[in-house]
Q: 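Please see the structure below; I have some questions.
The figures that follow rest on heavy atoms only: side chains count, while hydrogens, waters and symmetry mates do not.
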Amino acid sequence: QVDLVESGGGSVQAGGSLRLSCVAHGNIASRSSMAWFRQAPGKQREGVAVSYVSTGDTNYDDSVKDRFTISQDNAKNTVYLQMNNLKPEDTAMYYCAAEEHPVPWYSLDPRSYRYWGQGTQVTVSS
């Protein structure tokens, strides 16, 4: 069993930055995947970024490339999402997700992940 706890959300103006953190409690395998998703009201949950724990390889949704960076501190079982140049359309609840193996093709499909956090709200005003 793995419990994921997110933090770092908040309200910022467009162009601002936030860093989200996700701490994984439990037995995270060294070959796991950790990812960030987001869900705006009335919209489907969408993948933002994924990282393979063992290699540090990453993948991003096109909407956040060059603005968001996923990183990890394996010693702390923590994954981060640095979000720069935030836009109002980035407003959403952000969720951390994990799976105990490298998800195929750096998948950003939520069905590829078994474990989920409770989410942290990010609000960007224009």
Q: Between Y106 (side chain) and A49 (backbone), is there a donor-acceptor pair under 3.5 Å?
A: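 Side chain of Y106 to backbone of A49: no pair is present.
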
Q: Of the non-hydrogen atoms in S107 and D109, which two are nearest, and what is the gap between them?
A: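 Taking S107 first and D109 second, the nearest heavy atoms are OG-N, 3.0 Å.
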
Q: Answer whether the closest heavy-atom distance between the side chains of V124 and E89 falls below 4.5 Å.
A: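 Counting from C-beta outward, V124 and E89 never come under 4.5 Å.
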
Q: Report yes or no: does E6 contribute a side-chain atom to a donor-acceptor pair with the main-chain N or O of Q118 at less than 3.5 Å?
A: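 The answer is yes, because a donor-acceptor pair under 3.5 Å joins these two groups.
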
Q: Would you call L4 and M34 a side-chain contact if the rule is heavy atoms closer than 4.5 Å?
A: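 Answer yes - side chains close enough.
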
Q: Going hydrophobic residue to hydrophobic residue with side-chain gaps under 4.5 angstrom, can you get from V48 over to L18?
A: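 Yes, because V48 and L18 connect within a single hydrophobic cluster, where side-chain heavy atoms sit under 4.5 Å apart.
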
Q: Report the distance from atom OG of S54 to atom NE2 of H101, rounding to the nearest 0.5 Å.
A: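 Rounded to the nearest 0.5 Å, the OG-NE2 separation comes out at 12.5 Å.
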
Q: With rounding to the nearest 0.5 angstrom, report the CG to OG distance, D57 to S33.
A: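 The OG atom of S33 is 10.0 Å from CG of D57, to the nearest 0.5 Å.
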
Q: Validate the cation-pi geometry between R45 and F37: distance from NZ or CZ to the six-membered ring centre under 6.0 Å, angle to the ring axis within 45°.
A: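 Checked: cation-pi criterion not met.
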
Q: Out of curiosity, does W36 fall in the hydrophobic cluster containing V23 (side-chain heavy atoms, cut-off under 4.5 Å, transitive links)?
A: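 No: no chain of side-chain contacts under 4.5 Å links V23 to W36.
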
Q: With side chains defined as the heavy atoms from C-beta onward, is the minimum distance between V50 and I70 less than 4.5 Å?
A: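 No, side chains not in contact.
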
Q: What pair of heavy atoms forms the shortest contact from N84 to S17, and how long is it?
A: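 Looking at all heavy atoms of both residues, the shortest contact is OD1-OG, 3.0 Å.
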
Q: Please determine whether a side-chain nitrogen of the Lys or Arg among K87 and D90 lies less than 4.0 Å from a carboxylate oxygen of the Asp or Glu.
A: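 No, this pair does not count.
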
Q: Hey, could you give me the CD/CD distance between Q44 and Q39, rounded to the nearest 0.5 Å?
A: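 Nearest 0.5 Å value for the CD-CD distance: 8.5 Å.
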
Q: Count I, L, V, M, F, W, Y as connected when their side-chain heavy atoms are under 4.5 Å apart, and connections chain through other members. Are Y113 and Y115 then in the same cluster?
A: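 No, no single cluster joins them.
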
Q: Please tell me whether L81 and V103 are part of a single hydrophobic cluster in this structure, the criterion being side-chain heavy atoms less than 4.5 Å apart.
A: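 Cluster IDs for L81 and V103 differ.
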
Q: Any side-chain heavy atom of C96 sitting closer than 4.5 Å to one from W116?
A: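 No; the side chains remain at least 4.5 Å from each other.
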
Q: With side-chain contact (heavy atoms from CB on, under 4.5 Å) as the criterion, how do Y60 and T69 come out once you've worked through the C-alpha distance, each side chain's angles and the decisive distance to 0.1 Å?
A: CA-CA 8 Å; Y60 297 89; T69 302; 3.7 Å; yes

Q: Can you tell me if D61 and S63 form a side-chain donor-acceptor pair at under 3.5 Å?
A: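 Judged by distance alone, the side chains do pair up.
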
Q: Indicate the atoms forming the closest heavy-atom contact of P88 with S125, along with that distance.
A: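 Answer, listing the atom of P88 first, then S125: CG-C, 4.5 Å.
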
Q: Determine, stepwise, if the pair V64 / M83 fulfils side-chain contact (heavy atoms from CB on, under 4.5 Å).
A: CA-CA 8 Å; V64 305; M83 304 185 295; over 6 Å; no

Q: Supply the atom-to-atom distance Y80 OH to C22 SG, rounded to the nearest 0.5 angstrom.
A: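 So the OH of Y80 and the SG of C22 are separated by 10.5 Å.
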
Q: Do you know the tightest heavy-atom contact between Y52 and P104?
A: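 Residues Y52 and P104, closest heavy atoms: OH-C, 4.3 Å.
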
Q: Taking atom CG of N74 and atom OG of S51, what is their separation to the nearest 0.5 Å?
A: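 Answer for the CG-OG pair, N74 versus S51, is 8.0 Å.
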
Q: Within the distance-only criterion (no hydrogens, no angle test), does the side chain of Q82 pair as donor or acceptor with the backbone N or O of R19 below 3.5 angstrom?
A: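 Not at all, since once roles are kept as given, no pair shorter than 3.5 Å links the two residues.
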
Q: Would a hydrophobic clustering, with Ile, Leu, Val, Met, Phe, Trp and Tyr connected at side-chain separations under 4.5 Å, put L86 with M93?
A: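 No; M93 is not reachable from L86 via cluster members.
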
Q: Could you state the interatomic distance from OG1 (T78) to CD (Q72), rounded to the nearest 0.5 Å?
A: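 The distance works out to 10.5 Å.
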
Q: Angle between ring planes, F68 versus Y94, binned at 30° and 60°: parallel, tilted or perpendicular?
A: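 Ring orientation of F68 relative to Y94: tilted.
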
Q: Could you walk me through whether Q121 and T91 pass the side-chain contact (heavy atoms from CB on, under 4.5 Å) test, one step at a time?
A: CA-CA 8 Å; Q121 177 68 37; T91 295; 4.1 Å; yes

